[in-house]
Amino acid sequence: MTIEKHPSAPSVAPGLLERLRGLRVALISDQLHRSRGFASLRPYHKPAPLAGTAVTVRTRAGDNLAILRAFELCRPGDVMVVDADGDCANALVGGILTFHAASIGMAGMVLNGAIRDVAEIGERTFPVYAAGHTHRGPYKDGPGAINVPVTLGGMTVRPGDIVVGDQDGLLAFSPDEAEELIARAAAQREKEELTIAAMKEGRWDRSFIDVLEARAIN
């Protein structure tokens, strides 16, 4: 079997994804102890938030046969997450396949590999993250696997995980964590807004710096 295929995991509720799109990735990252995520993939699209359900693909470097097949398992609101070992010798997708992804309602594409047609993709708000770009097109020979756990620079993404992204980077986490993360991130956002207000009014309490310096060990 050239392409190993598994059914897609249940879709995350659209309302939950919409709430996540309203939060900066940095706020969510702070609630995950600042230890998860992958910041090395560059956003190639016009700034727009990403939140969707992961459909994962593992493929050989520079080969997009598994990606072509994976579109058949993608639904509106899905994010295709592709692990191609970060190789940028050949592009995995370009303007045509990213346009197709947008046209079927996908939430975005995340590729640990290269893309091409950068100018075209950069004119759209459809989220496309990649490790790099090149004019060289892909091979279509396989092998590959769809809806298996993949790893992107230390960030493991499982089928059905929630993937969020903005200009700061990407995060993936289980849907079971979403409600708590949203509540805590929203609370932090409120605290930060209060801090900004205090700065504008000249009443920012900086005593916490004394506490931090006193506990420093070097």
Side-chain angles (χ1 to χ4, degrees), residues 12 14-57 74 76-84 86 88 91-95 97-99 101-103 105-134 150-157 161-175 177-178 181-196 199:
V12 177
L16 184 62
L17 296 176
E18 185 61 32
R19 290 162 63 200
L20 286 163
R21 277 190 285 271
L23 293 167
R24 300 193 318 276
V25 168
L27 287 171
I28 302 171
S29 177
D30 285 353
Q31 315 317 313
L32 292 167
H33 309 292
R34 304 172 181 177
S35 61
R36 295 197 215 172
F38 192 25
S40 299
L41 296 187
R42 171 186 164 186
Y44 278 86
H45 54 285
K46 283 185 178 179
L50 166 68
T53 308
V55 171
T56 61
V57 179
C74 289
D78 284 346
V79 179
M80 190 186 295
V81 180
V82 181
D83 178 14
C88 291
L92 298 168
V93 301
L97 288 185
T98 54
F99 177 83
S103 72
M106 288 174 56
M109 297 188 75
V110 173
L111 305 111
N112 192 17
I115 63 168
R116 65 179 182 175
D117 302 325
V118 171
E120 182 179 345
I121 291 168
E123 293 175 354
R124 306 173 186 157
T125 57
F126 179 74
V128 177
Y129 292 80
H133 59 273
T134 177
V150 297
T151 302
L152 288 72
M155 181 178 75
T156 299
V157 183
D161 277 354
I162 294 174
V163 179
V164 296
D166 60 18
Q167 299 306 104
D168 285 337
L170 295 153
L171 277 173
F173 49 87
S174 167
E177 300 177 88
L181 288 174
I182 290 171
R184 289 166 55 189
Q188 181 176 328
R189 180 176 59 189
E190 184 176 349
K191 287 175 61 177
E192 291 182 356
E193 289 170 351
L194 291 172
T195 297
I196 294 293
M199 288 176 172

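Within the 4.5 Å cutoff, no side-chain heavy atoms of Val150 are placed close to those of Thr156.
Here Leu170 contributes atom CG and Phe38 contributes atom CZ; the two are 8.5 Å apart, rounded to the nearest 0.5 Å. The CZ atom of Arg19 sits 11.0 Å away from atom CG of Leu181, with the distance rounded to the nearest 0.5 Å. Here the CG atom belonging to Asp166 is positioned 8.0 Å from the CD1 atom belonging to Ile28, to the nearest 0.5 angstrom. For the atom pair CG (Leu171) and CG (Leu27), the distance works out to 11.0 Å, reported to the nearest 0.5 Å. Remark: Ser103 OG to Phe126 CZ distance equals 9.0 Å, nearest 0.5 Å.
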Going by atom type alone, with no hydrogens or angles, which donor-acceptor pairs under 3.5 Å involve a side-chain atom of residues 43-53 and a protein atom two or more places apart or on another chain?
{"from": "Tyr44", "atom 1": "OH", "to": "His133", "atom 2": "ND1", "distance (Å)": "2.9"}
{"from": "His45", "atom 1": "ND1", "to": "Val128", "atom 2": "N", "distance (Å)": "3.0"}
{"from": "His45", "atom 1": "ND1", "to": "Val128", "atom 2": "O", "distance (Å)": "3.3"}
{"from": "Thr53", "atom 1": "OG1", "to": "Val12", "atom 2": "N", "distance (Å)": "2.9"}

Atom pairs and distances, side-chain donor-acceptor, residues 111-120, under 3.5 Å, sequence neighbours left out:
{"from": "Arg116", "atom 1": "NH1", "to": "His135", "atom 2": "O", "distance (Å)": "2.9"}
{"from": "Asp117", "atom 1": "OD2", "to": "Gly95", "atom 2": "N", "distance (Å)": "2.8"}
{"from": "Glu120", "atom 1": "OE2", "to": "Arg124", "atom 2": "NH2", "distance (Å)": "2.4"}

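The one candidate from Gln188, Arg189, Gln31 that meets the side chain to side chain contact (heavy atoms under 4.5 Å, CB included) condition with Leu23 is Arg189.
What you find for Ala84 and Leu92 is that their closest heavy atoms are CB-CD1, 3.7 Å. When all heavy atoms of Ala107 and Gly77 are compared, the closest pair comes out as CB-O, 3.7 Å. For Met80 against Val57, the heavy-atom pair with the smallest separation is CG-CG2, 3.9 Å.
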Residues Val79, Met106; criterion side-chain contact (heavy atoms from CB on, under 4.5 Å); working and verdict: CA-CA 6 Å; Val79 179; Met106 288 174 56; over 6 Å; no
Phe173 and Val164: CA distance, side-chain angles, deciding distance, side-chain contact (heavy atoms from CB on, under 4.5 Å) verdict: CA-CA 9 Å; Phe173 49 87; Val164 296; 3.9 Å; yes
side-chain contact (heavy atoms from CB on, under 4.5 Å) between Leu16 and Ile182, worked out: CA-CA 9 Å; Leu16 184 62; Ile182 290 171; 3.4 Å; yes
CA sep, side-chain torsions, deciding dist, call: Val157, Val163, side-chain contact (heavy atoms from CB on, under 4.5 Å): CA-CA 8 Å; Val157 183; Val163 179; 4.3 Å; yes
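For Glu190 (side chain) and Ala186 (main-chain N/O), no donor-acceptor pair under 3.5 Å exists by modelled atom type. Listed for the Ser29 side chain is no donor-acceptor partner under 3.5 Å among the backbone atoms of Val25.
Ion pairing of Glu177 with Arg36 is present here, as a side-chain N (NZ or NE/NH1/NH2) and a carboxylate O approach within less than 4.0 Å.
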